[in-house]
Amino acid sequence: MNCSTYERMLSVGGEAFRPALVAQLLVDLARLRGQIDADDQAMLARAAHELKGLAATIGAESLADLAQNFGESLETGAVSDRPRLQVDVAGGIDSLIGILRADRGSRVA
Amino acid sequence: MTEPVQAADTVLLIEDTTSLQMMYQAALTRAGLPVEVWGTAADGIAAFDRLQPDVVLLDLALPDGSGFDVMQQMLAQKPRTAVIVITANASINKAVELMRAGAQEFLVKPFDDQRLLAAVQNARQALSHRAPPMPAPEEPGLAPFIGNSPAMQAVYGKIRSVARSMATVFITGESGTGKELCAEAVHRASPRAARPLIALNCGAIPADLLESEVFGHLRGSFTGAINDKLGAAAAADGGTLFLDEICEMDLNLQTKLLRFLQTSTITPVGATRPRKVDVRIVCATNREPMDEVRAGRFREDLYYRLHVVPIHMPPLRTRGEDVILIAERLLVEMAREEGRSFARLCPDVREIFRTLPWPGNVRQLINVLRNVLVLNDGEVVVPAMLPPDLTPVAHLHTPDAPDEMHAPAPAQSRETALPQALSGRTLAQVERMVIEAAIARNGGSVPRAAQELDVSPSTLYRKREAWSRVDEQAASRGDG
């Protein structure tokens, strides 16, 4: 996690805005988490692409890399790597969700 | 008292991920910029129609459509729009493609709020200084063309100059040079871009049906006219009518076309009352129009009425490195369509392409690439994959044209030098000697040697490959 990027982007709207942004990030990540478990190849590819952009924007660089690798495996048909990558991506999303929940919890009055 | 916000000042943001919408909007709002946010292509287009914003931030991957198509739709409607494309795909090819299609800037995720603000501010500044709608004159390309040779830069400049006027454009050029693309570029750069571009190939339609195709007809006006027909001129009302192969039009219809150009009215076949239409005319021919006038096949008054702004599409052989740019771009696109993995041309193929005359121009190049893709596979196109009939200059000059490239060596030196060297040799050895001498004489260039020997370069490459194998076998046997 690039903490500098994470802090910068989550603070972009100011402190009052942050809880709403964190809440929406949790919603988006929960949706993507569900899509990553799907069997539909097209849905998986869209989810990987979206996750790559979102994760990278808030500094979750490792997760962004995993999403990119997963997307590439879907594009190139490298079937053997896919299950492992799918598990890794799901695990990465879970970790990021944990970070955001902790962020939300630490700011509750 | 603050000034009211003009709709056009609102930054239109089209991004489907809600949390990203929130971050981008927050950054822009904190900087004092009004923002309107939508998450789909359809909603984004509707908002664009309503706001007519100067700046659009557009994600390429939208759930209900391609951001690229959305961008093209917006720019066609309002060319003076700065579209800043957002994508997670950092491909340079994609960036070039988008910029050539009219994007103002290209942001790759992740980017922070400072980068976002800088892009928007730059876009607004550029709009306030920019005169032509798209793209800026100093930019090298013009969609949908590929290529930035001096010959094509001249064409782009003319298109940009003429697009904003109503003047008739007369496009000439050999077959396959992109005359239809030129017409499309003129239309897209014009204020009429949001209106239809109707193209009619005057050479492809039977002469007795052409009048109906151009001007329309009423039901029952002739045998077979079972319904009213609108006609190309009426269909192009408010837009552009492109008449391709204009010199194929028969003289009777040329008379009616001239009347249409003079009066801006059309009378469909079978109708009694004329109708006013507002069209901008672009026409094209691969013939020499003045030759047609002199031969009495094309009306001189119509010629001068149409030949207001001539644009000549240069043949591919005069466009320098454009042949490589076009070949490599199309190769990748066509490979994707055919499910092949081709990504580039090897240096030898590039050299061959640079020296070929391409009498069929870009269309011929496309056919060659399609042939390679269908019959071969791999990442790199090599000479052995090229069609064997891809011949050099000598076979393709017209019979009367001087064949400067094939000036034979002085007969005297040929007759005295070769026989001695050839005596006692097999035919295969003689052939090899002649070919290798030609290559050496041409500084190692196989394509130039092929031109001299009047064979295709791929023939020489295949022979050299065969000789290599023979030499390797001889070496492994320990032959001398």
Side-chain angles (χ1 to χ4, degrees), chain A residues 1-2 4-32 35 42-43 45-65 67-72 75-77 93 96-97 100 103-104, chain B residues 13-33 35 37 39-41 57-68 84-91 94 106-120 332 335-336 339-341 343 379:
Chain A
M1 171 66 83
N2 184 321
S4 163
T5 301
Y6 177 85
E7 275 308 315
R8 186 189 184 99
M9 293 310 290
L10 263 71
S11 305
V12 70
E15 280 305 305
F17 178 77
R18 187 170 179 138
L21 177 56
V22 170
Q24 186 57 53
L25 281 163
L26 286 167
V27 168
D28 285 338
L29 286 169
R31 170 176 55 81
L32 289 167
Q35 288 169 357
M43 178 182 286
R46 280 195 301 273
H49 182 82
E50 186 181 351
L51 179 63
K52 180 174 90 167
L54 177 56
T57 299
I58 61 171
E61 291 167 349
S62 300
L63 179 54
D65 288 343
Q68 171 151 352
N69 292 342
F70 183 49
E72 283 172 357
E75 237 176 23
T76 60
I93 295 175
L96 182 55
I97 287 174
L100 287 163
D103 189 303
R104 181 177 58 184
Chain B
L13 167 61
I14 307 171
E15 162 63 61
D16 63 324
T17 304
T18 311
S19 48
L20 289 177
Q21 286 179 1
M22 291 173 70
M23 284 185 268
Y24 301 156
Q25 182 173 23
L28 294 168
T29 302
R30 280 186 102 177
L33 295 166
V35 186
V37 183
T40 64
L57 285 159
L58 173 63
D59 190 11
L60 272 192
L62 294 169
D64 62 337
S66 148
F68 186 89
I84 301 169
V85 169
I86 302 171
T87 180
N89 179 352
S91 150
K94 176 62 81 178
F106 180 79
L107 292 178
V108 181
K109 294 173 186 172
F111 54 89
D112 62 18
D113 55 327
Q114 293 295 339
R115 181 75 183 89
L116 175 66
L117 287 171
V120 172
V332 169
R336 203 178 307 126
R340 303 293 201 191
S341 48
E379 266 203 34

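These numbers come from a predicted model, not from an experiment. Per chain, numbering begins at 1; letters A, B, ... match sequence-line order.
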Taking every non-hydrogen pair under 4.5 Å, which of Val27(A), Leu25(A), Leu29(A) racks up the most with chain B?
Leu25(A)
Given that the side chain runs from C-beta out, which part of Ala64(A) has a heavy atom under 4.5 Å from chain B: side chain, backbone, both or neither?
neither
So which part of Ala27(B) gets closer than 4.5 Å to some heavy atom of chain A, the side chain, the backbone, both or neither?
both
Looking at Leu10(A), Leu21(A), Ile58(A), Val22(A), which has the largest count of heavy-atom pairs under 4.5 Å with chain B?
Leu21(A)
Residues which pass salt bridge (charged side-chain N to carboxylate O under 4.0 Å, His left out) with Glu379(B), listed by chain and number, not counting sequence neighbours:
Arg344(B)
For Leu32(A), is it the side chain, the backbone, both, or neither that has a heavy atom closer than 4.5 Å to a heavy atom of chain B?
neither
Does Glu15(B) offer a backbone N or O that forms a donor-acceptor pair with the side chain of Gln21(B) under 3.5 Å?
yes
Could you tell me whether a side-chain N or O of Arg30(B) sits under 3.5 Å from a main-chain N or O of Val12(A), the two making a donor and an acceptor?
yes
Non-neighbouring partners of Asp16(B) that pass salt bridge (charged side-chain N to carboxylate O under 4.0 Å, His left out), sequence neighbours left out:
none
One should read off an interatomic distance between Leu100(A) CG and Ile93(A) CD1, to the nearest 0.5 angstrom, of 12.0 Å
